[in-house]
Amino acid sequence: SKKATYLDNKSLAKSGGKKKSLDRLLADAEKKRDRLQELKAGTEEDKEKAMRIQWGDTLKEASGERVRDDPALIRKAMKRKAKKKAKSAKAWEARTEELKDAKDQKQKIRSHNLEKRKLGGTVAANLSKKRIVTEEDKDNEGKKEKRPRLGPYAGAGGKSRAGFEGKRQAFINEAKP
């Protein structure tokens, strides 16, 4: 028999007993519901037994114990757990993809620097991804768009920012011709 580990779905509960999985809880809840319906449809003695079972559950709930015997709620919990698992898997996938990209980028810088060192020593190596110039970057070098100027020297071409409206043309209260 396999021992329950902390990774196991059916890990040990705080009370010391085994914690029931949602699948087993659902099966037990459905079995109990069917049994109660059966008893209610039976003789007076069976109806009395069904009533005692229901009262027992009510007393357990009143004492603070959790009674998980509603199949609809258990199904809802199963669905929620499945969604959480899918979301976690997606996040993990994104994380591993990010790591792979970072690793590839570092490798690219390393190989570039090694190549440049072969040609002209440490001075020729860029040692940073910001300074790596590829062939396609060289083609687009002359075609870069200029950013519009901001601040006090923006002039007519750029939008002025608050506080940088430019030089005062005349006194505020001066009469205009």
So how far is it from [X] [atom1] to [Y] [atom2], rounded to the nearest 0.5 Å?
X: Arg110; Y: Leu114; atom1: CZ; atom2: CG; value: 5.0 Å
X: Arg80; Y: Leu73; atom1: CZ; atom2: CG; value: 8.5 Å
X: Lys81; Y: Leu22; atom1: NZ; atom2: CG; value: 5.0 Å

Listed by chain and number, what are the salt bridge (Lys or Arg N to Asp or Glu O under 4.0 Å) partners of [X], not counting sequence neighbours?
X: Glu30; result: Arg75
X: Asp34; result: none
X: Asp70; result: none

Quiz item: Which residue pairs pass the salt bridge (Lys or Arg N to Asp or Glu O under 4.0 Å) test with at least one member in residues 84-96, sequence neighbours excluded?
Solution: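 Output for this query is empty, none listed.
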Practice problem: Kindly indicate whether the side chain of Asp28, heavy atoms from C-beta on, has any atom under 4.5 Å from the side chain of Leu25. | Solution: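 They are not in contact (no side-chain heavy atoms under 4.5 Å apart), so the answer is no.
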Exercise. Tell me who clusters with Ile53, hydrophobic residues only, linked when side chains sit under 4.5 Å apart either directly or through other members.
Key: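 Answer for Ile53: Leu36, Leu39.
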Self-check item: Partner residues of Thr43 under the side-chain contact (heavy atoms from CB on, under 4.5 Å) criterion, sequence neighbours left out
Solution: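 Thr43: side-chain contact (heavy atoms from CB on, under 4.5 Å) contacts with Glu45, Asp46.
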Quiz prompt | Contacts of Glu65 that satisfy side-chain contact (heavy atoms from CB on, under 4.5 Å) - sequence neighbours left out | solution =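 Applying side-chain contact (heavy atoms from CB on, under 4.5 Å) to Glu65 gives Lys60, Ser63.
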Quiz item: Got more than 12 heavy atoms from elsewhere within 6.0 Å of CZ, Arg35?
Solution: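 Open.
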Quiz prompt | Shortest non-hydrogen contact from Ile74 toward Arg68 | solution =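 Minimum heavy-atom contact is CD1-O, 3.7 Å.
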Quiz prompt | Of all pairs that satisfy side-chain hydrogen bond (donor to acceptor under 3.5 Å, both in side chains), the ones with a partner from residues 48-59, not counting sequence neighbours | solution =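 Pairs touching residues 48-59 that pass the test: Lys32-Asp57.
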